[in-house]
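Here is the structure we will look at, set down as structure tokens.
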Amino acid sequence: MTQYRSDLIQTLTARGFLHQCTNLEALDAKATSGVVTAYVGYDATADSLHIGNLVSIMMLRWLQKTGHRPITLMGGGTTKIGDPSGRDETRVLQDDATINARIASLQTAFGRYLAYGTGKTDALMVNNADWLDGLQYIPFLRDIGRHFTINRMLTMDSVKLRLEREQPLTFLEFNYMILQGYDFVELYRRFGCTLQLGGSDQWGNIIQGVDLGRRVVDAELFGFTCPLITTSSGAKMGKTAAGAVWLKAERFSPYDYYQFWRNTEDGDVGRFLKLFTDLPLEEIARLEKLEGAEINDAKKVLALEATTLLHGAEAAKDAAETARKTFEQGGIGDDLPTVEISATELKTGIPAWSLFQRAGLAESNGEARRLIRGGGAKVNDQKCDDENVMVTADAVVDGVIKLSAGKKRHAIVKLT
RNA sequence: GGAGGGAUGGCCGAGCGGUCAAUGGCAGCAGACUGUAAAUCUGCCGACUUAUGUCUACGAAGGUUCGAAUCCUUCUCCCUCCA
């Protein structure tokens with residue numbers, strides 16, 4: 001492997017973050033000689049970040065750890081346009097209020113990974129609505145628009161794919177890459193930002209910014225992308241039973257988050273440890289050597305470390321403990337999802353199917369019935385094969401009833 | 001502006017008057033095997049206290065018919081060709 005001089009590039013490459021870079025040698029040299037300011041843009045497409053955003057956040061984290069300054073750019077302006085990259089359809093347009101509420105909600109997650117402040121390497125939070133909202137059409141076209149050729153834009157993947165698939169691409173969306181390019185230049189002007197990080201799908205957009213920088217401000221800007229993270233079986237990461245893996249605790253509990261990492265496929269453990277934890281590479285190398293059932297230990301480390309980063313040591317430990325109790329001892333952990341049922345209601349008895357639905361283990365009563373018929377349901381670890389059986393106060397053990405759907409999904413019913 | 005074609009369940013995609021809650025594939029859930037892994041095999045996969053029952057659903061609204069995802073009319077959106 002090539003040796004790089006800067007801690008930054010050394011770390012990013014060794015940990016598997018590098019996919020493409022516009023000029024790696026020059027960036028390496030620059031990172032050796034001083035503080036590099038770099039940014040990643042996040043559009044407010046939801047009120048929480050998800051696992052797909054995590055790789056880029058980890059890149060910013062390493063950037064800061066190796067003595068540079070990260071900027072998290074909130075797409076208050078660009079969200080109003082909608083990035084066509086990787087999409088067959090136009091995104092639904094959101095109004096200002098929604099976008100601003102989402103941005104506010106996103107910001108908390110970043111604080112877990114980056115240290116914000118006013119110091120030399122403290123992270124900055126910036127919103128591109130600050131400069132995009134006030135743009136004037138004609139001056140913008142003349143100053144910035146003239147540097148973009150349609151010829152070039154048509155060759156961009158995001159555009160090309162849409163056209164090839166005969167899906168409509170609106171003029172609004174067509175402008176997205178211009179605005180993202182302009183963001184880069186604006187961040188250079190305001191903060192001396194010379195590097196944009198992002199996922200490999202952002203390469204085209206990033207390149208536009210780099211080109212624009214050379215033309216408009218005569219500066220060499222750098223682009224650096226990380227690979228799109230998929231599991232070794234090729235599935236896109238971040239999809240689970242419950243949908244996307246969100247970073248917000250209200251949408252995806254620390255326990256679920258822990259379990260998500262705990263269930264990593266064997267072949268991904270080493271790669272994920274490098275990308276999603278702070279563990280030193282020597283330690284990871286040791287864990288990677290584990291084979292067979294022992295690799296579960298590596299998965300536990302991965303789960304604990306990743307959860308600690310996002311939700312804190314306390315919550316991570318609780319999640320790990322709950323998982324240990326639930327899976328290794330067949331007991332009940334405190335972090336399991338809980339439903340409260342009144343004691344009087346239980347006295348008369350509740351049908352099993354209804355209980356599973358209310359505990360969130362099935363989305364509808366019908367699904368709960370199917371679960372029970374299929375033999376996947378357990379009450380207090382006893383197989384429940386009659387959907388109509390009444391669960392009464394007799395089932396209460398130590399004040400709770402434990403429900404299981406399959407081997408991995410559990411919930412507890414508490415009396416009130 | 002003119003002429004054609006299309007819109008089906010989370011996605012892809014059959015069906016073209018009854019037997020259609022709608023073939024198939026993907027995704028998902030459960031079971032078996034395991035290591036809370038992968039692969040494989042099996043079952044399930046609109047809702048309703050489950051019922052040879054009811055309701056909702058094949059872009060939207062009307063209509064024809066004993067009966068419509070399927071036929072007709074209007075509307076909306078998309079695609080292709082011509083101008």
Side-chain angles (χ1 to χ4, degrees), chain A residues 86-90 92 162-170 173 230-245 255-273 287-288 290-304 306-307 319-333 335-336 345 348-379 381 383-391 402-411:
Chain A
R87 295 209 122 222
D88 263 0
E89 284 171 15
T90 304
V92 177
R162 267 299 172 87
L163 296 179
E164 276 171 6
R165 290 184 192 171
E166 300 180 343
Q167 296 294 324
L169 176 76
T170 63
E173 299 170 275
T230 54
T231 66
S232 49
S233 42
K236 210 177 190 177
M237 229 181 103
K239 284 288 181 182
T240 71
V245 176
Y255 170 72
D256 287 334
Y257 192 73
Y258 178 92
Q259 281 298 311
F260 169 77
W261 292 107
R262 177 61 250 266
N263 285 310
T264 299
E265 292 177 28
D266 285 11
D268 295 325
V269 176
R271 195 159 52 104
F272 286 1
L273 280 166
L287 291 168
E288 259 183 316
L290 298 173
E291 281 181 12
E294 289 193 332
I295 203 164
N296 281 319
D297 291 333
K299 292 184 189 178
K300 284 180 202 166
V301 174
L302 170 64
L304 186 68
T307 310
E321 183 57 16
T322 294
R324 198 183 64 78
K325 275 188 195 159
T326 311
F327 288 98
E328 292 173 24
Q329 302 178 348
I332 296 170
D335 271 13
L336 291 178
E345 191 178 356
T348 48
I350 301 171
W353 53 263
S354 173
L355 204 57
F356 275 91
Q357 189 273 127
R358 286 168 66 174
L361 293 175
E363 292 204 356
S364 68
N365 293 337
E367 194 179 308
R369 287 171 185 283
R370 279 180 238 124
L371 176 73
I372 295 168
R373 277 183 218 164
K378 292 198 191 101
V379 176
D381 299 312
K383 191 163 172 181
C384 168
D385 39 23
D386 180 359
E387 66 207 58
N388 289 314
V389 76
M390 297 300 267
V391 178
K402 180 186 179 190
L403 300 179
S404 312
K407 279 174 287 196
K408 290 187 199 168
R409 292 155 60 223
H410 305 277

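Letters go in sequence order (proteins before strands), and every chain restarts at 1.
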Item to check | Identified pairing partner of B/C44, criterion: Watson-Crick or G-U wobble below 3.5 Å | outcome: B/G28
Item to check | Minimum-distance nucleotide to A/Glu265 side chain [options: B/G35, B/U49, B/A37] | outcome: B/A37
Checklist entry - Taking the six-membered ring for Trp, is the centroid-to-centroid distance between A/His410 and A/Phe327 below 6.0 Å? => result yes
Next on the checklist: Among B/A30, B/U36, B/U34, which nucleotide has an atom closest to any side-chain atom of A/Lys407?
Outcome noted: B/U34
Next on the checklist: At less than 4.0 Å, is any side-chain N or O atom of A/Lys408 found next to OP1 or OP2 of B/A37? Yes or no.
Outcome noted: yes
Checklist entry - Does A/Arg409 place a side-chain N or O at less than 4.0 Å from the phosphate oxygens OP1/OP2 of B/A30? => result yes
Next on the checklist: My understanding is that a pair needs two contacts under 3.5 Å, Watson-Crick or G-U wobble. By that rule, which nucleotide pairs with B/A60?
Outcome noted: B/U74
Next on the checklist: Can you confirm whether more than 12 heavy atoms, excluding those of A/Glu291, are under 6.0 Å from its CD atom?
Outcome noted: no
Item to check | Counter-base of B/U80, judged by Watson-Crick or G-U geometry with both distances under 3.5 Å | outcome: B/A3
Checklist entry - Under 4.0 Å between a side-chain N/O of A/Arg373 and OP1 or OP2 of B/C45, yes or no? => result no
Checklist outcome for this item: Assert: residue with more 5' nearest nucleotide on RNA chain B, out of A/Lys378 and A/Asn365, is A/Lys378
Item to check | A/Ser354 vs B/U49: side-chain N/O to OP1/OP2 distance below 4.0 Å | outcome: no
